[in-house]
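Data block below; observations after.
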2 protein chains.
Amino acid sequence: MKNGQATIKDIARELKISFSTVSRALKDYPGISEETKRKVKEMAIKLNYRPNAIALSLRKNRSFNIAVIVPEVVHFFFSTVISGIEEIAKKRGYNVILTQTNEKLDKEKSSIEAMLSNQIDGFLISYSKETTEFSHFENIIDQGFPIIFFDRIPDIPNSINVKVDDFEGAYNAVSHLISQGYENIAHLTGPKNLKISQERERGYREALANHGMPIREEMILECPMGTNEEGKRLALSMLDQLNPRPDAFFANNDMAAVGVMMACRDSGYRIPEEIGIVGFSNWQFCTMLEPGLTSVSQPGIQMGKKATELLLDIIEKKVELDTIPNSITLNTELFIRKSSMRLHKKS
Amino acid sequence: MKNGQATIKDIARELKISFSTVSRALKDYPGISEETKRKVKEMAIKLNYRPNAIALSLRKNRSFNIAVIVPEVVHFFFSTVISGIEEIAKKRGYNVILTQTNEKLDKEKSSIEAMLSNQIDGFLISYSKETTEFSHFENIIDQGFPIIFFDRIPDIPNSINVKVDDFEGAYNAVSHLISQGYENIAHLTGPKNLKISQERERGYREALANHGMPIREEMILECPMGTNEEGKRLALSMLDQLNPRPDAFFANNDMAAVGVMMACRDSGYRIPEEIGIVGFSNWQFCTMLEPGLTSVSQPGIQMGKKATELLLDIIEKKVELDTIPNSITLNTELFIRKSSMRLHKKS
DNA sequence: TTGTAGGCGTTATCAC
DNA sequence: GTGATAACGCCTACAA
C-alpha cells in the first residue's frame, strides 16, 4: 500500500469545506448542493482519490474478503472451483484470499488462524486429506463465522455443504461398465477417510449389487495418493495376482485411471476390448489420451459459484440461516469415451 | 468478519488496567512487569483475543495483502506459479488476493482498480492476451506501487520482471529436433503480441539458421488460442498443403502440440518415425500421453517464489530499488520423450 | 511500570 | 446544506 494517497481530508482541504461534506458528496447523499457535489467529484478525480477499503472495513466491521482454503492449487478440479469462486466474488465486490494446505492438517489450522486475524467475512473450505477431526472448524463456526464446505464434507452437524453426488456418479460409471459387458470390475478407491471416497465406493458396491454381480473384496484397493504411479502399481498387482483377473477398472480419480492405462499398455492388454477403464473428475486430458478416457465429470466451476453465492447470501443476510439447505448436491455427468466402449455403441 | 470479537479494550476492562498496557504486554514490550504480562496473556487466551489486522493495516498503512493477477486460474502453468506465490507469501506473513482476467483487458483494468482501493501492498501480474498497451500499469507504478511482472513481460522501461528464457527453451527444442534428423520443422506460434511468443519464435528461427537450415515462412503459423482444436486444424492444413510437408512440429504450447498429435493420428502419420513433436510448458499430461510428449519445462513454482520474494523484499525495503535486477530469467529444461526420439538415443 | 491522548480514513449522529 | 465530533481497534509518543 502506497502512502501519499489522497484522502477525503485532502479533498476537503483543497476545497475548504469539511470532510464530512466531502464524504456525503461522494456518496450522493441527499441534502448536498449539486454545485458542491460537482466540485468534490472533480477534485476527487484530480487528486486521484480512492476510497480506503481498510478504513471502511474497520468502520463497518466487514472486510469484503473471503478466505478460500484448498488442499492444492495445482489440481485441475480445485483450480476450476477457485475459478468459479473468483468469478462470483468479484462480481459481488468481494476479494478472494487464497490459501493452500498442501494436504497438511497443521497448515490448515495455521491458515485458519491467520484468516481469523484478517477479519475475513467468511470461509470456503475443502479440507486436507490429513484432517480426520473437525474441532478447528467447529470452533470458528461457534464464533459465528460463516463457512461453506465444498467437495470434501466434514462430519459436523449443521455444516453447510456443496458437493457433487459422488454416489450417483460412481453408480452410473459402474453401471455403464456393466452394460458394456465387463464382469470383473475392480475399484481403486481414494483415501478412506474422505467421504467422497466412501460415497464413490458405495456407488460402486451398490451398482454391482443391483445388477446381481458379486462384490469381490480383493478387487477393491485403496489408492490414497491418487497418482498414476500408484494406480499403475496397484493395477499391475491385481492383473498379476487375481483370478479371474479384472476386466475393468473404476478409479476414484483420473490420474489413477491413467496409471491403469499405463499398466494395461505395459502388460499388453487392449483397451477397451480386454480391459475397460473409467476415471473420475473428467480432467482436461481425458480427451487427449488415446484411447479417450471415460470419466465422471464434476462441475467444479458450478460448485465454486454455488458455494460462493451461498456464502455471500449468508454474509449479507439475504437468507435466513434456518431457511438455507444444509447441503447442495450437484449432479455429475458421465462422459463416455473409447476407454470403456467395448460395444461401440454410439453415444 | 464476525463482531463480538474480543479487543484489547475488553482485556483491559476485565483486568482493570489501561488498554495501552495491554497492547504493550501482548507485544512483550520492555518495561512491563512479568506479572502484568502473564495476566494479560492469560486473559487474551481466555477471551479468545485475536489482533485485528484491519486496524493494524489502517494504522501502519500496510495491509500485508498482495494482489496476484493472472489470465486464468484453470491453467496448469499459472496454477503452479500461484502455488509458489502462495507458499512464500504465507511464509512471510502476507495474504494472497487472487484475481483472474480471463484474458480480458477490461477485467484486468477493473481488477487493478479494485486492488488499489484495497490498499494492496504490491502486485504480481501476468497480463492478458488482449493487453497491447500498458499505461494502466505505468499509472500504478508512477503512484509508487511495487509491481513484479511474471512470464508475460510488458514493454515498460524499468519494469521488474521474472521470466523464463523462452528463447533458449525454443532454441534447445528445435536444436534437439534437428539433431534427431528432422528437416522440415514447422512452428505453431503463440499470440504474436506476447513477448514470450516472439522469443520462442526467435529461438526457432535462430536454431534453424545456426544449423544452416532454411526458414520457410509458410511453415510458421500463428496459433493464438493455443487449444488442441486449433493446433490440430493448423497441423492438418500444413500436412495437406505444404510440399515438402513438415516432418516435425515445434508448438508454442503443449495443448497445441497435442492437437498436432491428433492430426498425425488422423492422417496416419507415425510419431516419432514420420513426424516429431515438441511442445512447451511440460504440463502434467505430457508423461501420460502415448507417445510421451517432449516438452520444454517452465519452472512455474520457482517463478512464483522468486517473484514473490522479490516483491516482498521491495515492500519491506530490504533491497534498494536501484540495486535490484531489472529482470530475473529462469532456465528452462527440455524433457525429451518419445514424441521426438526418432533416433532412440538413450536419455 | 502504567496511563492519556492523538491519529490512521471513514461514516453516522448530532447540531447549526 | 454544511460542519463538528465520536467511533471502529490499534499503536505510540508523552506524561505521570
Side-chain angles (χ1 to χ4, degrees), chain A residues 1-41 43-44 47-65 93 116-121 143, chain B residues 1-41 43-44 47-65 93 116-121 143:
Chain A
M1 160 186 340
K2 184 59 187 57
N3 39 18
Q5 264 287 4
T7 74
I8 225 168
K9 289 186 183 171
D10 296 317
I11 299 180
R13 195 177 328 107
E14 289 291 319
L15 261 36
K16 300 193 198 311
I17 57 179
S18 88
F19 63 85
S20 46
T21 306
V22 174
S23 171
R24 282 180 284 225
L26 285 172
K27 315 211 84 190
D28 277 325
Y29 255 57
I32 295 282
S33 75
E34 287 305 318
E35 171 69 2
T36 313
K37 281 187 192 172
R38 196 184 48 70
K39 279 200 286 191
V40 167
K41 287 180 180 173
M43 186 56 71
L47 297 184
N48 202 5
Y49 168 78
R50 270 170 235 287
N52 184 326
I54 298 279
L56 235 157
S57 297
L58 187 61
R59 189 98 223 313
K60 304 228 163 176
N61 216 30
R62 293 271 314 283
S63 68
F64 292 93
N65 290 163
L116 288 180
S117 266
N118 266 282
Q119 309 302 112
I120 239 57
D121 287 344
Q143 287 175 51
Chain B
M1 156 186 344
K2 183 61 185 53
N3 40 16
Q5 265 287 8
T7 73
I8 227 170
K9 287 185 183 171
D10 296 316
I11 299 179
R13 194 177 330 105
E14 290 291 318
L15 260 38
K16 300 192 199 310
I17 56 179
S18 91
F19 57 82
S20 52
T21 306
V22 174
S23 171
R24 282 179 281 226
L26 286 171
K27 315 211 82 191
D28 277 325
Y29 255 57
I32 296 281
S33 74
E34 286 305 318
E35 171 69 0
T36 312
K37 282 188 191 173
R38 195 184 46 71
K39 279 201 287 190
V40 166
K41 287 180 180 172
M43 185 56 69
L47 296 183
N48 202 5
Y49 168 79
R50 269 170 235 289
N52 184 325
I54 298 278
L56 237 156
S57 296
L58 188 60
R59 184 106 219 310
K60 304 230 164 174
N61 216 29
R62 292 273 314 278
S63 67
F64 292 94
N65 291 163
L116 288 181
S117 266
N118 265 283
Q119 311 302 116
I120 240 56
D121 286 346
Q143 285 175 53

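This is a predicted model, so every value here is computed, not measured. Heavy atoms only: backbone and side chains are in, while hydrogens, waters and symmetry mates are out. Sequence lines set the chain letters: A, B, ... in the order given, protein chains first and strands last, and positions in each chain run from 1.
Side chain of B:Asn65 to backbone of B:Ile120: no donor-acceptor contact under 3.5 angstrom is found. Judged by distance alone, with hydrogens and angles left aside, the side-chain atoms of A:Ser57 form a donor-acceptor pair with the main-chain N or O of A:Arg62 at under 3.5 Å.
Picking from C:dT10, D:dG9, C:dT11 the nucleotide with the shortest atom distance to the side chain of A:Asn52 gives C:dT10. With C:dT4, C:dG9, D:dT2 as the candidates, the nucleotide lying closest to the side chain of B:Arg24 is C:dT4.
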side-chain contact (heavy atoms from CB on, under 4.5 Å) between A:Ile17 and A:Thr36, intermediate numbers included | CA-CA 9 Å; A:Ile17 57 179; A:Thr36 313; 4.2 Å; yes
Assess whether side-chain contact (heavy atoms from CB on, under 4.5 Å) is satisfied between B:Lys27 and B:Ile32, documenting all intermediate values.
-> CA-CA 10 Å; B:Lys27 315 211 82 191; B:Ile32 296 281; over 6 Å; no
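Taking atom CG on A:Leu58 and atom P on D:dA7, their separation rounds to 14 Å, with Å as the unit. Distance, A:Lys60 NZ to D:dA7 C1': 14 Å, rounded to whole Å. The NZ atom of B:Lys9 sits 9 Å away from the C1' atom of D:dC10 (whole-angstrom rounding). Counting to the nearest Å, the P atom of D:dC10 and the CG atom of B:Asn61 are 18 Å from each other. When rounded to the nearest whole Å, the span between OH of A:Tyr29 and P of C:dT13 equals 8 Å. Atom-to-atom, NZ of A:Lys39 to P of D:dT2 comes out at 9 Å; the value is rounded to the nearest Å. Whole-Å rounding puts the B:Ile8 CD1 to C:dT2 P distance at 15 Å. Here the P atom of nucleotide C:dC8 and the CG atom of A:Asp10 are 10 Å apart, to the nearest Å.
Across all strands, A:Lys27 comes closer than 4.0 Å only to sugar-phosphate atoms, never to a base (heavy-atom distances). Across all strands, A:Ser33 comes closer than 4.0 Å only to sugar-phosphate atoms, never to a base (heavy-atom distances).
A donor-acceptor contact under 3.5 Å is not formed by the side chain of B:Arg59 with the base of C:dC8.
Taking the screw axis at each terminus of the helix from C:dT1-D:dA16 to C:dC16-D:dG1 from five consecutive base pairs, the angle between the two is 50° to within rounding of 10 degrees.
A:Glu14 places none of its side-chain heavy atoms less than 4.5 Å from the side chain of A:Val22. Annotation: side chain of A:Arg13 is not in contact with side chain of A:Thr7 (no heavy-atom distance under 4.5 Å). A heavy-atom distance below 4.5 Å is found between the side chains of A:Ser63 and B:Ile54.
Sparse packing is recorded around NZ of A:Lys39, with 12 or fewer heavy atoms of other residues, nucleotides or ligands lying under 6.0 Å away.
A heavy-atom distance below 4.0 Å to DNA chain D is reached by these residues of residues 11-21 of chain B, ordered by number: B:Phe19, B:Ser20.
For B:Thr36, a side-chain nitrogen or oxygen approaches OP1 or OP2 of C:dT2 to under 4.0 Å.
Rounding to the nearest 0.5 Å gives a distance of 5.5 Å between CD of B:Gln5 and CD of A:Gln143.
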